[in-house]
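Here the structure is a predicted model, which means the values were calculated and not measured.
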Amino acid sequence: MKITHLFATVAICLMIGACDGGQRIVNRSPVDYVNPYIGNISHLLVPTFPTIQLPNSMLRVYPERADYTTELLNGLPLIVTNHRERSAFNLSPYQGETLHPIITFNYDNEHLTPYSYEVELDDNRMKAEYALSHQAALYKITFEADKPAYIIVNSRNGSIHVGENFISGHQRLSDNTNVYVYIEPQEKPLSTGILENGIIEASKDNAEGINACAAWRFPEGTTTVSLRYGISFISEEQAEKNLRRELKDYDIEKLAQTGREIWNEALGRIKVEGGTEDDKIVLYSSFYRTFERPICMSEDGRYFSAFDGKVHDDNGTPFYTDDWIWDTYRAAHPLRTLIDQKKEEDIITSYLLMAEQMGNMWMPTFPEVTGDTRRMNSNHAVATIADALAKGLKVDTVKAYEACRKGIEEKTLAPWSGAVAGWLDNFYRENGYIPALRPNEKENDPNVHPFEKRQPVAVTLGTSYDQWCLSRIAEALGKKEEAAHYLQCSYNYRNIFNEETGFFHPKDKEGNWIEPFDYRYSGGMGAREYYGENNGWVYRWDVPHNVSDLINLMGGNEQFIANLDRTFSEPLGRSKYQFYSQLPDHTGNVGQFSMANEPSLHIPYLYNYAGQPWKTQKRIRQMLKTWFRNDLMGMPGDEDGGGMTSFVVFSSLGFYPVTPGSPTYNIGSPLFTNIKITLSNGSIFEVEAKNASDKNKYIQSATLNGQEWNKPWFSHEDLKNGGKLVLIMGSKPNKAWGSGADATPPSVENK
């Protein structure tokens, strides 16, 4: 059996959980547990695509289709330039006489791993095998011998050039961003040219515009064509250099084996024992997702930056982009800080370069290959800086403080906007909240997006947290006055807390509550007129930096716990159709809790702050087992390239960073009896959960680094040089463990 076939067979076996006559595979390496098909059918919105890529590499591909159920492939992929939205170029093998710029195929027997791909096309007449490196890849196409064999390459929107031994071209992605490709075959084509009106024009060697297309025809009887290609964001010439640097031959089996080894090294930083096979598959599949973004753009010491449209020297520090920070700051960045501190430092350095290159020194919020798209709300890159500093990473703190401060103070807080601050921002500075419009009141701030709206509660809560993070950075610089100012601003969430209802409630510019009000449904599509993608039940808990004060606002531990419990039991209030037609991001429901959207990720851990950590243990197991499964719908919502799956990784290991910016971790309920995490410095942090099982999910007692431990949290200091957390697990909750008043995880109010 060919090695690529073996890898693919392993991946499919993981989907069904058995192989070789029903016998489970033994001695799996970490990458063998990865099932890229998890979540390929979405509950409502965008599915989780089965990405083929080396960790954080520029070259990513996935099958060109809407989701797993799609019957046709739109050719073969060459590069994905956005982790879930764009696939550049189009490559189509073809047998027949009638040629088209873009050819769709029915397909069968698809096998996919993180580093390889195999699929049969056109009623099983052709087969494509694929393996990749960081900026170059190989295709091996097998044809039947009865018809002429062609390779067709479409630039979609750009230019294409063809020669006897190469096809090259570019595709335009935005006003200042192009992606380039250089392809060469191992077998010599019989004829070459530009494809026009179904005919190969041999007299032409270049074309430009929409669907500019080149083709090779191979001699009669050709049964195998091997192609290797390089990609670049700098030039076609650089794409060729990347190809020659990374691929010396056409040995696809060797390339796949190299990719396998790279993935095993990355995923092997976490090793687990115990748990079920499905638990391990979900863990390693989730861990693999955290390497999908951001991507390294450096090519031979240079990189293209869409933030100023120029090519720069990287001066020995790789440049990264494509990072939706609103999603990833919560868990993906803290996870990377644990396992690869140097890479996290390089990513933060990239942020600061982006801020400089944009000319305004504003910290980016949604840096992509095509620039900062400023999606979602708030400025959570400041949290990545605060978290890095709190955990001892090397950061240019002076530059970072200015970029974070300017991003909050000078850029508008209006969601999905990169405009200069306007009157809403002045109002926030003077009054400590974003004012809401009354029903039918017309928008009067031109910075506000017509669909995304003001999201006044979400923005007020998010900015309060950002300002707390900014206060931490100021304190690290010894800026006492600024630290005190932003610390005071971090309490602005109080200005929209409705004491009568116990919810964060929109308030108009005169200071009056918007009434009548339904915390499930008020706010229009996605509740954006007041919240953002999620309703008031989710944003009720969005004060991660000061949970102890939120407990006080709600009337103490008992009422706080009651409110949490009700969140998980409150019915939708309408039919599922009515609920999800208004709140399509708010899937993965347990009551009003949404496991499918990032603002909910910390909520199950909040019981730790109110003296009932056993309920955190119960909820975490409930969420992991209910919504994250080894099947095609095993993802409750938009996975967002590591934003959500990092929650799965942390929670499966037994702890979670509730408050990025605070060097602390909340303890949950690990799925495995033994966990070893190789930290950035090579030390091992171990979690031993004795007797852990599906039933034994409750902590009975604990020790941390040899000392008795009665707190549902620990500090980064406790693990950074290695250590061991030992948990004795049982089937019934020990309601006394970690419940003392002195055991509460740190908040602003009780640190």
Side-chain angles (χ1 to χ4, degrees), residues 11-12 14-16 31 33-57 60-70 73-74 77 80-87 110-117 119 263 266-267 278-295 322-324 326-328 330-332 335 368 375 533 580 584-589 594-598 600-601 623-652:
I12 294 302
L14 294 182
M15 293 184 64
I16 62 176
V31 74
Y33 284 101
V34 175
N35 178 4
Y37 290 99
I38 291 176
N40 283 196
I41 301 175
S42 64
H43 290 251
L44 274 182
L45 299 177
V46 180
T48 302
F49 294 109
T51 305
I52 306 143
Q53 172 190 18
L54 299 185
N56 299 106
S57 287
R60 300 170 291 185
V61 301
Y62 47 70
E64 289 208 31
R65 58 181 177 234
D67 69 11
Y68 185 84
T69 65
T70 305
L73 289 180
N74 296 319
V80 170
T81 58
N82 171 305
H83 92 102
R84 72 180 193 191
E85 293 179 1
R86 301 188 196 97
S87 187
E110 180 182 80
H111 302 158
L112 190 148
T113 76
Y115 50 84
S116 66
Y117 180 51
V119 66
W263 270 112
L267 298 175
D278 277 349
D279 290 337
K280 293 174 183 175
I281 290 168
V282 171
L283 169 68
Y284 283 109
S285 299
S286 298
F287 194 24
Y288 136 83
R289 291 288 176 190
T290 67
F291 292 97
E292 189 172 345
R293 295 185 300 149
I295 58 170
D322 199 22
D323 186 11
W324 296 5
W326 189 86
D327 306 288
T328 58
R330 305 167 197 268
L335 180 58
E368 299 187 61
R375 308 189 202 195
E533 295 190 348
Y580 294 123
D585 294 275
H586 201 305
T587 53
N589 285 81
S594 168
M595 190 70 259
N597 210 272
E598 283 77 9
S600 293
L601 299 185
M623 298 309 142
L624 290 176
K625 293 293 185 177
T626 301
W627 290 115
F628 302 99
R629 305 177 310 277
N630 178 28
D631 62 53
L632 288 164
M633 296 188 74
M635 189 65 60
D638 293 350
E639 186 275 336
D640 287 324
M644 188 176 298
T645 47
S646 297
F647 164 87
V648 179
V649 175
F650 267 120
S651 296
S652 299

Q.
Any side-chain to backbone donor/acceptor pair from Q53 onto E292? Under 3.5 Å, distance only.
A.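 Pair found, side chain donor or acceptor close to backbone of E292.
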
Q: Determine yes or no for a side-chain-to-main-chain donor-acceptor pair under 3.5 angstrom, with N56 supplying the side chain and P294 the backbone.
A: yes

Is the closest side-chain heavy-atom distance between [X] and [Y] below 4.5 Å?
{"X": "Y117", "Y": "V61", "result": "no"}
{"X": "M623", "Y": "P636", "result": "no"}
{"X": "Y37", "Y": "E110", "result": "yes"}
{"X": "T328", "Y": "S646", "result": "no"}
{"X": "V649", "Y": "L283", "result": "yes"}
{"X": "F287", "Y": "L335", "result": "yes"}
{"X": "T587", "Y": "W627", "result": "no"}

Where [X] and [Y] come nearest, the two heavy atoms and their spacing:
{"X": "L73", "Y": "P63", "value": "CD2-CB, 3.9 Å"}
{"X": "S116", "Y": "I52", "value": "N-CG2, 3.7 Å"}
{"X": "D638", "Y": "L45", "value": "OD1-CB, 3.5 Å"}
{"X": "P77", "Y": "S87", "value": "CB-OG, 4.2 Å"}
{"X": "E639", "Y": "R289", "value": "OE2-CB, 3.4 Å"}
{"X": "T645", "Y": "T290", "value": "OG1-CG2, 4.0 Å"}

Q: Please say which of Y288, Y284, Y33 ends up in a ring pair (Phe, Tyr, Trp, His ring centres under 6.0 Å) with W263.
A: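 Going through the options one by one, the only one that passes is Y288.
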
Q.
Check the orientation of W324 and H83. Use parallel for under 30°, tilted for 30 to 60°, and perpendicular for over 60°.
A.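 Perpendicular, since the angle between the ring planes exceeds 60°.
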
Q | Salt bridge present between D279 and K625 (N-O < 4.0 angstrom) | A |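 Yes, charged N to carboxylate O under 4.0 Å.
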
Q. Hey, are R330 and D640 close enough for a salt bridge, meaning a charged N less than 4.0 Å from a carboxylate O?
A. no

Distance in Å, [X] [atom1] paired with [Y] [atom2], rounded so as to fall on 0.5 Å steps:
{"X": "M595", "Y": "L601", "atom1": "CE", "atom2": "CG", "result": "5.0 Å"}
{"X": "F291", "Y": "S57", "atom1": "CZ", "atom2": "OG", "result": "11.0 Å"}
{"X": "E533", "Y": "H586", "atom1": "CD", "atom2": "NE2", "result": "10.5 Å"}
{"X": "N40", "Y": "M633", "atom1": "CG", "atom2": "CE", "result": "11.5 Å"}

Q.
Using the rule side chain to side chain contact (heavy atoms under 4.5 Å, CB included), only one of V648, T48, I41 pairs with M635; which is it?
A.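 That would be T48.
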
